Amino acid sequence: SDVRFYDDPTQRLTDLMVEQLNADELRQLQKLPAIKDKNVDCESLNFQRIKEYYQHSQVLLAIVFGLLCNKVGLMNINEWNALLACARDKNEAQIASHDSNLNSANFDDQSATVHAFVNIAAVYEQYSDAETGKLTIDGARAVVACIRGDEAAEDLRDDEDAVQFFAGLSAAEMEQFTQRLPNTIWTLINAPLDLEFVYREIRKTCASHVTPEMLEQCLCEIGAHFVARGLIKKCVHEMEMT
């Protein structure tokens, strides 16, 4: 099916998106609290920050993020909270009916494709955490590099979206994740954002000379109007460029 990023606000209707979630996903969503503005410093979040905020089922977070994220890998907090509220408004009978009337047009089973390019068992044997069994950052970079085929694992940043989608998954969660994968996320896994190459180049060549204000001004001057308020400053600090 066609990849759908919800860049058109008229398509971001929670009553439509919630119909793409199955009963188990809805029950899990009902347990999640809304994101409070006082706990975040910008209007949109990337997947890494969603993981840090909730520390909940990573597969569930990725599914909902895939429904809401835009083409630069950002998700609007208000839309996230609206979807949580819509899930909480459903009673058990309505939730149970989702499995029989599920609209999963924006999901694909990519498990066979992943296994064709990645030796998952070998990756987990080499890169899983000794205590938790979850995939490490190095393992996630290895998975993404194998899927893409034209990038070395060491060239990938730890906080790139594609790496963060896999980092922290157990072997069972990996199977669950790839069997019901939002096609938006599959696109981000297969091809890094143009902005990602900017981040890599900045980190490589001018880390000691750039300020958040200079970078934000530069990106806006070249027409990058997608930049969320405060995002550049946060990214610069996260990349330890100040």
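Please read these numbers as outputs of a predicted model, since none were measured by experiment.
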Can you confirm whether [X] sits close enough to [Y] that some side-chain heavy atom of one is under 4.5 Å from a side-chain heavy atom of the other?
X	Y	value
N46	M75	no
I95	Q30	yes
L32	L60	yes
V18	C86	yes

To the nearest 0.5 Å, what is the distance between [atom1] on [X] and [atom2] on [Y]?
X	Y	atom1	atom2	result
S44	I77	OG	CD1	7.0 Å
D129	I137	CG	CD1	11.5 Å
L45	K51	CG	NZ	14.0 Å
I147	F117	CD1	CZ	8.5 Å

| field | D138: side-chain hydrogen bond (donor to acceptor under 3.5 Å, both in side chains) partners, not counting sequence neighbours | value | R141

Ignoring hydrogens, what is the shortest heavy-atom contact between [X] and [Y]? Give both atom names and the distance.
X	Y	value
A140	A167	CB-N, 3.5 Å
Q164	Q58	O-NE2, 3.3 Å
Q28	S57	OE1-CB, 3.6 Å
L188	A162	O-CB, 3.8 Å

| Under-4.0 Å salt bridge between R157 and E151 |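 E151 and R157: not salt-bridged.
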
| task | Could you tell me whether E160 and R148 have a side-chain N and a carboxylate O separated by less than 4.0 Å? | result | yes

| field | Neighbour count above 12 (heavy atom, 6.0 Å) for Q94 CD | value |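 Counting neighbours around CD of Q94, more than 12 heavy atoms of other residues, nucleotides or ligands fall under 6.0 Å, so yes.
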
| Just by distance, with hydrogens left out, do H98 and Q20 show a side-chain donor and acceptor under 3.5 Å apart? |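 Judged by distance alone, the side chains do not pair up.
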
| task | State which residue, out of Y54, F165, F166, fulfils the ring-ring contact (aromatic ring centres under 6.0 Å, His included) condition with F47. | result |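 Considering Y54, F165, F166, a ring-ring contact (aromatic ring centres under 6.0 Å, His included) with F47 is found only for F165.
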
